[in-house]
Amino acid sequence: MMKLLAAFLFLPLFPFSMVFNGLLSKLGNPTARFMLLLAWPQFGVFFLHAQPVPEFFIAWPLLSSGFYALRLLTVRDLGLWAGFLACSALSLIWIANPSDMPMVALWFSIPPALLFLLSGALERRFGAAYSGLYGGLAGSAPKLSGMLVMTLLAAIATPPFPGFFAMLGLLHRTGIAPAVLFIWLLWGWAAIRLMQGFLSGSKEPTPVNDVGRSGALLFACLLGVIVFASLYLKGGAP
């Protein structure tokens, strides 16, 4: 029973997810947030190992995930958005196949963790990572904009990123496909609204130092490795 309660905390289901969100808000350093998000769900997978998840329990993860997916539509701060997306995605681990849970947790946590790093990059340049606060980022910082767009696409599980294959695996479960598809749709809708606020707008672009070529290349290589790994492992399955 204690292991199951710990799993509620580390694979954050509402209201236990408030502990996770509270820790993220206390950690102002983007790198610390990055490391926390990568490690946090793996503890949950460890505690959930060999713990049977009854069928009637599935509604709770779906409702928790849907709740945070809806909250994404109202959030404009990139760091807060990444935290809510992580809560929404990690809730779905509860309905994954037990043997797939460690990899699903990894695939769902890497993109939001990278968004924390990009949030830090925007805060250093503009003072805040807030969508709609400054327009025309695509013109003033094209490499940073490209990194942001690609990471958002990975975060909302578009192909060929690994989250896409993880979501396909969840859709195989009988009876929950409509709910999972609805949550997936909300992720995409929220990401488009967020990107519009960062990349477009009528305001004059603020002069800013863009990400260096080496940094952008390293980021692109990292995303490439993630895509290759997801395609290689089990032929693209999580």
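In this text, all values refer to a predicted model and were calculated from it rather than measured experimentally.
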What I'd like to find out is whether the side chain of Ile156 reaches to under 4.5 Å of the side chain of Phe161, using heavy atoms alone. no
Quick check against the 3.5 Å criterion: does Arg76 have a side-chain atom that pairs as donor or acceptor with the backbone of Ser131? no
Give, for atom CG of Leu153 and atom CG of Leu148, the distance between the pair rounded to the nearest 0.5 Å. 9.5 Å
Verify the neighbour count for atom CZ of Phe46: are there more than 12 heavy atoms of other residues, nucleotides or ligands below 6.0 Å? no
Below 4.5 Å, heavy atoms only, C-beta onward: do Trp184 and Leu181 meet side chain to side chain? yes
Please tell me whether Val75 and Leu73 are part of a single hydrophobic cluster in this structure, the criterion being side-chain heavy atoms less than 4.5 Å apart. no
Heavy-atom pair of closest approach, residues Leu92 and Met167: CD1-SD, 4.0 Å
Can you find a heavy atom in the side chain of Leu223 that is under 4.5 Å from one in the side chain of Met147? no
Check: Ile176 and Leu171 side chains under 4.5 Å, non-hydrogen atoms: no
Closest non-hydrogen contact found for Pro30 with Gly120 is CG-CA, 3.6 Å
Nearest 0.5 angstrom please: Trp94 CH2 to Met101 CE, how far? 7.5 Å
Between the CZ atom in Phe219 and the CG atom in Leu222, the distance rounded to the nearest 0.5 Å is 6.5 Å
Would a distance-only check, ignoring hydrogens and angles, find a side-chain to backbone donor-acceptor pair under 3.5 Å from Trp189 to Leu70? no
Could you pull out the closest heavy-atom pair between Val45 and Pro102, with the gap in Å? CG1-CG, 3.7 Å
Linking I/L/V/M/F/W/Y whenever any side-chain heavy atoms sit under 4.5 Å apart, do Ile192 and Leu185 land together? no
How long is the span from the NZ atom in Lys26 to the CG atom in Leu24, to the nearest 0.5 Å? 12.5 Å
Verify the neighbour count for atom CZ of Phe14: are there more than 12 heavy atoms of other residues, nucleotides or ligands below 6.0 Å? yes
If hydrophobic clusters are built from ILVMFWY residues whose side chains come within less than 4.5 Å, do Phe108 and Phe182 share one? no
Under 3.5 Å donor-acceptor pairs involving side-chain atoms of residues 79-90, not counting sequence neighbours:
from  : atom 1 : to     : atom 2 : distance (Å)
Trp81 : NE1    : Leu72  : O      : 3.4
Ser88 : OG     : Ser65  : O      : 2.8
Ser88 : OG     : Ser65  : OG     : 3.0
Ser88 : OG     : Trp187 : NE1    : 3.0

Distance-only donor-acceptor check, side chains Ser17 and Tyr68, under 3.5 Å: yes
Grab the two heavy atoms, one from Gln42 and one from Leu106, that are nearest each other, plus how far apart they are. NE2-N, 3.6 Å
Thr31 side, atom OG1; Arg33 side, atom CZ - distance, nearest 0.5 Å: 11.0 Å
Start with the C-alpha gap between Val180 and Ile95, add the side-chain angles, then the distance that decides, and say whether side chain to side chain contact (heavy atoms under 4.5 Å, CB included) holds. CA-CA 10 Å; Val180 174; Ile95 60 178; 4.2 Å; yes
Using every non-hydrogen atom in the two residues, find where Phe165 and Pro160 come nearest and quote the distance to one decimal. CE1-O, 3.6 Å
Evaluate side chain to side chain contact (heavy atoms under 4.5 Å, CB included) for Leu36 paired with Phe116, printing each intermediate quantity in order. CA-CA 11 Å; Leu36 176 67; Phe116 285 135; over 6 Å; no
Consider only side-chain heavy atoms of I, L, V, M, F, W and Y, link residues closer than 4.5 Å, and tell whether Met195 and Leu186 are in one cluster. no
Please report the closest heavy-atom contact between Pro111 and Trp107, naming both atoms and the distance. CD-O, 3.1 Å
Could you state the interatomic distance from CG (Leu152) to CG (Leu194), rounded to the nearest 0.5 Å? 5.5 Å
Using atom types as modelled and distance alone, determine if a side-chain donor or acceptor of Ser64 lies under 3.5 Å from a backbone N or O of Leu13. no
